[in-house]
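Everything numeric in this text was worked out from a predicted model, so none of it was measured.
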Amino acid sequence: MNNSPENNIAEKYGAYSSFKTSSAPYLVDYFGENPMDEIERLLSVYASPQSKVLDIGCGAGHTMVRISSKVKEFWGIDLEKELLSVARNKVKELDLQNVHLILGDTTNLTATDKLPDSYFDIAFSQRGPNMNYALASKLRENGIFFQELVAGFDCYPLKEIFGIRNYSPYNYNEREVSLNQYANLELFPVSVKEYFYEEYFRDINHFEAYLCQGANLDNWRIESRPYNRETDRTSLELYAKYNSTSKGIRLLRQRMIFVLRKTKVSYYPVDSL
């Protein structure tokens, strides 16, 4: 087994930061549409050699490696020091002269103030932080923001058995709530797409290893809730009992992908005066 620093980080963060490890699902049924393919399509549509791009929650730089050579400037910001260290090593190894990486929390002005104002043509977040006022101010007029959002019904049956299902109205009106919040940031919707798909694990030990890697039981709106082998194994066994199929142990996933344009949003006729 390779115990290099990057492989150790990959085992720690796993699918949470798009690393592929032995704990990842062995099978995924997308039923025709893959949300990750949609993110790649959006990047190919909007990004050009003249584009200045901001990756909000850039992690270990997987997307950076794929598209930085196709754009004028690539900027990334992330609060995880370990993940950003992997991205910085890739910058050095590949000699990426147009990449700028910032360590910091996007909800903290100390970090976002390091980004130039009204500068970026494209900003995006893949299962990372939401857009906020400070970040929106970094996007130029008519700039594009798109986001892959882990939606409210993601892992629904699992969280229900673990007793951490959030029944707030937010989960049932997530699309409308998010669009309203983004309208207040002068981000007008271009499109919204929703995806449900299923992941499968070979057995309960494979599934448990996956849960130990990431944020699948977290509800970041409340508090962190990582998997605990000692206290959660019984609940996991109950979940496996009801969700075992001929393909393996099934896990429901949900994603939404928003595409928005920065422009003045007029609610009433007087707004345009």
Without swapping roles, check the side chain of [X] against the backbone of [Y] for a donor-acceptor pair under 3.5 Å.
{"X": "S44", "Y": "R41", "value": "yes"}
{"X": "D78", "Y": "L103", "value": "no"}
{"X": "H100", "Y": "I77", "value": "no"}
{"X": "S178", "Y": "R175", "value": "no"}
{"X": "K90", "Y": "A60", "value": "yes"}
{"X": "D154", "Y": "V150", "value": "no"}

Heavy-atom closest contact ([X] atom, [Y] atom, distance):
{"X": "A136", "Y": "M131", "result": "N-SD, 3.3 Å"}
{"X": "F201", "Y": "A24", "result": "CE2-C, 4.3 Å"}
{"X": "S23", "Y": "Q213", "result": "CB-OE1, 3.7 Å"}
{"X": "S137", "Y": "K262", "result": "CA-NZ, 3.8 Å"}
{"X": "N98", "Y": "S68", "result": "ND2-O, 2.7 Å"}
{"X": "G104", "Y": "A111", "result": "CA-CB, 3.7 Å"}

Checklist entry - K193 and E38: salt bridge (Lys or Arg N to Asp or Glu O under 4.0 Å), yes or no, with the steps? => result CA-CA 9 Å; K193 294 184 178 180; E38 177 65 5; 3.3 Å; yes
Euclidean distance, [Y] [atom2] relative to [X] [atom1], rounded to 0.5 Å:
{"X": "L84", "Y": "N89", "atom1": "CG", "atom2": "CG", "value": "10.0 Å"}
{"X": "L139", "Y": "R261", "atom1": "CG", "atom2": "CZ", "value": "11.0 Å"}
{"X": "Q126", "Y": "T63", "atom1": "CD", "atom2": "OG1", "value": "3.5 Å"}
{"X": "L236", "Y": "T231", "atom1": "CG", "atom2": "OG1", "value": "11.0 Å"}
{"X": "L260", "Y": "L179", "atom1": "CG", "atom2": "CG", "value": "6.5 Å"}
{"X": "L101", "Y": "K114", "atom1": "CG", "atom2": "NZ", "value": "12.0 Å"}

Do [X] and [Y] get their side chains close enough for a donor-acceptor pair, meaning under 3.5 Å?
{"X": "E148", "Y": "S125", "result": "no"}
{"X": "Q254", "Y": "Y195", "result": "no"}
{"X": "E141", "Y": "S118", "result": "no"}

Can you find a pair of side-chain heavy atoms, one from [X] and one from [Y], that are under 4.5 Å apart?
{"X": "E73", "Y": "Y119", "value": "yes"}
{"X": "I249", "Y": "Y200", "value": "no"}
{"X": "L43", "Y": "F124", "value": "yes"}
{"X": "R233", "Y": "I204", "value": "yes"}
{"X": "L149", "Y": "I257", "value": "no"}
{"X": "L252", "Y": "P157", "value": "yes"}
{"X": "Q147", "Y": "N130", "value": "yes"}
{"X": "L211", "Y": "L158", "value": "yes"}

Checklist entry - Can F258 and F146 be said to form a side-chain contact (heavy atoms from CB on, under 4.5 Å), step by step? => result CA-CA 5 Å; F258 292 83; F146 53 89; over 6 Å; no
If two hydrophobic side chains count as joined below 4.5 Å and joins carry through other members, does [X] share a cluster with [Y]?
{"X": "I67", "Y": "I122", "result": "yes"}
{"X": "Y156", "Y": "V28", "result": "no"}
{"X": "I144", "Y": "L185", "result": "no"}
{"X": "Y227", "Y": "L238", "result": "yes"}
{"X": "V65", "Y": "I39", "result": "yes"}

Checklist entry - Going by the ring-ring contact (aromatic ring centres under 6.0 Å, His included) test, which pairs reach into residues 24-56, not counting sequence neighbours? => result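 Counting only pairs at least two positions apart or across chains, the ring-ring contact (aromatic ring centres under 6.0 Å, His included) contacts touching residues 24-56 are Y30-Y197.
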Checklist entry - For E40, does the CD atom sit with more than 12 other heavy atoms under 6.0 Å from it, leaving out its own atoms? => result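 Yes, CD of E40 has more than 12 neighbouring heavy atoms, counting only those of other groups under 6.0 Å.
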Checklist entry - So does F196 have more than 12 non-hydrogen atoms from other groups sitting under 6.0 Å from CZ? => result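 Counting other residues, nucleotides and ligands, CZ of F196 exceeds 12 neighbours.
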Checklist entry - Which is it for E198 and R253 under the salt bridge (Lys or Arg N to Asp or Glu O under 4.0 Å) test, yes or no, and what are the steps along the way? => result CA-CA 6 Å; E198 294 172 343; R253 311 312 302 257; over 6 Å; no
Next on the checklist: Using the rule given for salt bridge (Lys or Arg N to Asp or Glu O under 4.0 Å), can you reason through E237 versus K241, listing the C-alpha separation, both sets of side-chain angles and the distance that settles it, and then say yes or no?
Outcome noted: CA-CA 6 Å; E237 290 172 352; K241 176 181 178 181; over 6 Å; no
Checklist entry - With the threshold set at 4.0 Å, does a side-chain nitrogen-carboxylate oxygen contact exist between R255 and E194? => result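 Between E194 and R255 there is no salt bridge, as every charged N stays at least 4.0 Å from the carboxylate O atoms.
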Checklist entry - Which class fits the ring pair Y182 and F145: parallel under 30°, tilted 30 to 60°, perpendicular over 60°? => result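 Because their plane-to-plane angle is over 60°, the rings of Y182 and F145 count as perpendicular.
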Item to check | Aromatic ring pairing F207/Y239, orientation class (parallel under 30°, perpendicular over 60°, tilted between) | outcome: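 Rings of F207 and Y239: tilted, 30 to 60°.
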Checklist entry - Which is it for T263 and E186 under the side chain to side chain donor-acceptor pair (under 3.5 Å) test, yes or no, and what are the steps along the way? => result CA-CA 5 Å; T263 186; E186 298 190 340; over 6 Å; no
Side chains of residues 50-58: which donor-acceptor partners sit under 3.5 Å, not counting sequence neighbours?
residue	atom	partner	partner atom	Å
S51	OG	S48	N	2.8
S51	OG	S48	O	3.3
S51	OG	S48	OG	3.1

Checklist entry - side-chain contact (heavy atoms from CB on, under 4.5 Å) between L27 and E199: does it pass, once the steps are laid out? => result CA-CA 6 Å; L27 174 67; E199 295 176 338; over 6 Å; no
Item to check | CA sep, side-chain torsions, deciding dist, call: D29, K247, salt bridge (Lys or Arg N to Asp or Glu O under 4.0 Å) | outcome: CA-CA 10 Å; D29 274 346; K247 298 178 181 179; 2.5 Å; yes
